[in-house]
Amino acid sequence: MVRLMEPGELAGLSVKNHLVRSATWLGLCRPDGSLPPEVYEIYGRLAKGGVGTIITELTDVCGRNNAIGNNMRLYSDALLPDYRKLVDMVHECGAKIIPQLNMYQYVRPGIFRRMVDVDGLTAADLADIRDLYVAAAVRAKECGFDAVQLHLAYGWLLYRFLSPYYNHRRDEYGGSVENRCRLIVDIIEGIKAVLPAFPVGAKFSFYAKPVEEIRRLMRQQNVAAIPLSAYYATEECAAICQYLYENGLDFIEVLGDHSPWEHGNHYDSCYLPLAKAVRAVCSIPIVLTGCNNDPDKLEQIMADDGIAFFGLSWALIREPELPARWAQADRSPATCIHCDGCYQTVAHACRFL
Ligand SMILES: Cc1cc2nc3c(=O)[nH]c(=O)nc-3n(C[C@H](O)[C@H](O)[C@H](O)COP(=O)(O)O)c2cc1C
């Protein structure tokens with residue numbers, strides 16, 4: 001049986017263990033996307049802490065808008081020296097590093113920079129979006145990154161393409177699973193056309209729940225940030241992953257609705273049922289994310305469910321050295337309590353240290 005902290009292969013990449021740092025926005029980059037010393041410090045500690053693969057944070061592929069503020073950006077060649085330095089530093093510690101390519105919304109170039117959502121995008125806009133992703137992937141490869149991850153989670157543009165709640169297009173980019181995946185497949189094919197051996201992964205948050213459960217949660221919390229109809233049936237989530245895999249996607253990171261209304265409801269590896277639903281329909285390499293706290297449970301999942309990689313965000317904010325700890329004698333669970341307090345702090349650090 002392959003163990004959690006032993007070497008493995010993720011989408012053709014030789015990795016030193018089966019732990020993946022799930023993308024974690026630090027809020028520390030300069031507005032132009034260049035990297036200040038604090039970013040190198042945090043990544044240096046993370047890489048030395050023993051995690052096998054690091055997925056950076058949401059990274060703008062386009063310079064015309066900024067996703068969330070002070071996040072990474074790969075829209076310009078001028079940024080390459082900073083990111084190359086980051087990659088080299090992580091590689092020196094034996095870890096792999098992958099940027100998470102993202103577009104907030106499409107901003108049409110020109111004098112009047114107009115933001116356009118899914119339904120209003122023209123064929124020229126769609127081609128521009130594909131080209132922006134491909135150009136960012138090429139930059140990532142030039143910096144030495146080991147792969148790219150497309151951000152299909154948390155309501156950003158590509159997520160909205162997949163969702164029938166946001167996507168009402170009547171052309172070949174809306175309607176069926178195949179059509180809603182089309183822009184993503186265009187991007188994957190565009191990257192593969194210029195970088196055939198460069199792995200392309202994706203992160204997809206499913207928001208998959210029984211409708212009654214969603215209604216109950218909404219009544220209880222009195223919030224409606226995610227509308228009911230934005231949720232997916234688990235089968236449809238699995239069908240999307242299967243379709244993307246058949247069309248060139250190399251790995252998928254899966255998790256459910258990690259929204260505030262679920263806090264207090266988190267339990268170890270809570271999105272395993274979703275990952276199993278994906279595994280049931282295709283053999284795509286899966287990174288299961290969400291409350292992966294207990295190394296013994298993770299090894300059980302590896303043995304029982306054919307899921308070999310595990311994403312961690314919160315736990316590594318509190319304990320960047322957690323992988324090294326698990327690789328040595330101390331296999332006690334991660335000490336993070338999933339309070340989400342780190343999200344409220346500068347540089348997204350644990351409030352209890
Ligand atoms: C401070 C913070 C920043 C995050 N930034 C990102 C991000 O840039 N991209 C992303 O896909 N997810 C982001 N996430 C979500 C995590 O990647 C992860 O999916 C989620 O926290 C669940 O995993 P966990 O239980 O191991 O924390 C962030 C989470 C935190 C706490």
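Throughout, numbering of the chain's residues begins at 1 and tracks the sequence. Every number for a ligand or one of its atoms is a count from 1 in the order of the listing.
Close approach to W25 involves these atoms of ligand 1, each under 4.0 Å from a residue heavy atom: 1 (C), 3 (C), 4 (C), 5 (N), 6 (C), 7 (C), 8 (O). In the vicinity of L312, heavy-atom distances shorter than 4.0 Å reach the ligand 1 atoms 26 (O). Within ligand 1, the atoms closer than 4.0 Å to a non-hydrogen atom of L255 are 19 (O), 22 (C), numbered from 1 in the order shown. Atoms of ligand 1 lying under 4.0 Å from at least one heavy atom of H338, given by number and element, are 25 (O). Which parts of ligand 1 touch H348 is read off a 4.0 Å heavy-atom cut-off, strictly below it: atoms 1 (C). Every atom of ligand 1 is numbered from 1 in the order shown, and the set under 4.0 Å from a heavy atom of K203 is 10 (C), 11 (O), 12 (N), 15 (C), 16 (C), 17 (O), 18 (C), 19 (O).
Within the 4.0 Å heavy-atom criterion, neither part of N292 lies near ligand 1. In T289, the part holding a heavy atom less than 4.0 Å from any atom of ligand 1 is the side chain.
A heavy-atom separation below 4.0 Å is not found between A153 and ligand 1. Heavy-atom separations between E253 and ligand 1 are all 4.0 Å or longer.
Every N/O-N/O distance between Y343 and ligand 1 stays at or above 3.5 Å. Where the criterion is an N or O separation shorter than 3.5 Å, residue side chain and backbone included, L58 meets it with respect to ligand 1.
For the salt bridge (Lys or Arg N to Asp or Glu O under 4.0 Å) condition, the pairs that include at least one residue of residues 45-67, sequence neighbours left out, are R45-E321, D60-R73, R64-D128.
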Let me see the working for D304 and K276 under salt bridge (Lys or Arg N to Asp or Glu O under 4.0 Å), right down to the final yes or no.
-> CA-CA 10 Å; D304 295 348; K276 283 167 74 170; over 6 Å; no
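With atom 14 (N) of ligand 1 as the reference point, the heavy atom nearest to it among S22, A23, S313, G290 is part of A23.
If you run side-chain contact (heavy atoms from CB on, under 4.5 Å) between L4 and each of L19, D296, N17, only L19 comes through.
Separation of the Y343 and H348 ring centroids falls under the 6.0 Å cut-off.
T56 and R21 share no side-chain donor-acceptor pair at under 3.5 Å. No hydrogens or angles considered: nothing links the side chains of N292 and Y271 as a donor-acceptor pair under 3.5 Å.
Remark: K85 qualifies as a cation-pi partner of Y40 under the 6.0 Å distance and 45° angle criteria applied to the six-membered ring.
For the pair R182 and E172, the salt-bridge criterion is not met [side-chain N within less than 4.0 Å of a carboxylate O].
I307 is not listed as a side-chain neighbour of M302, based on a closest heavy-atom distance of 4.5 Å or more.
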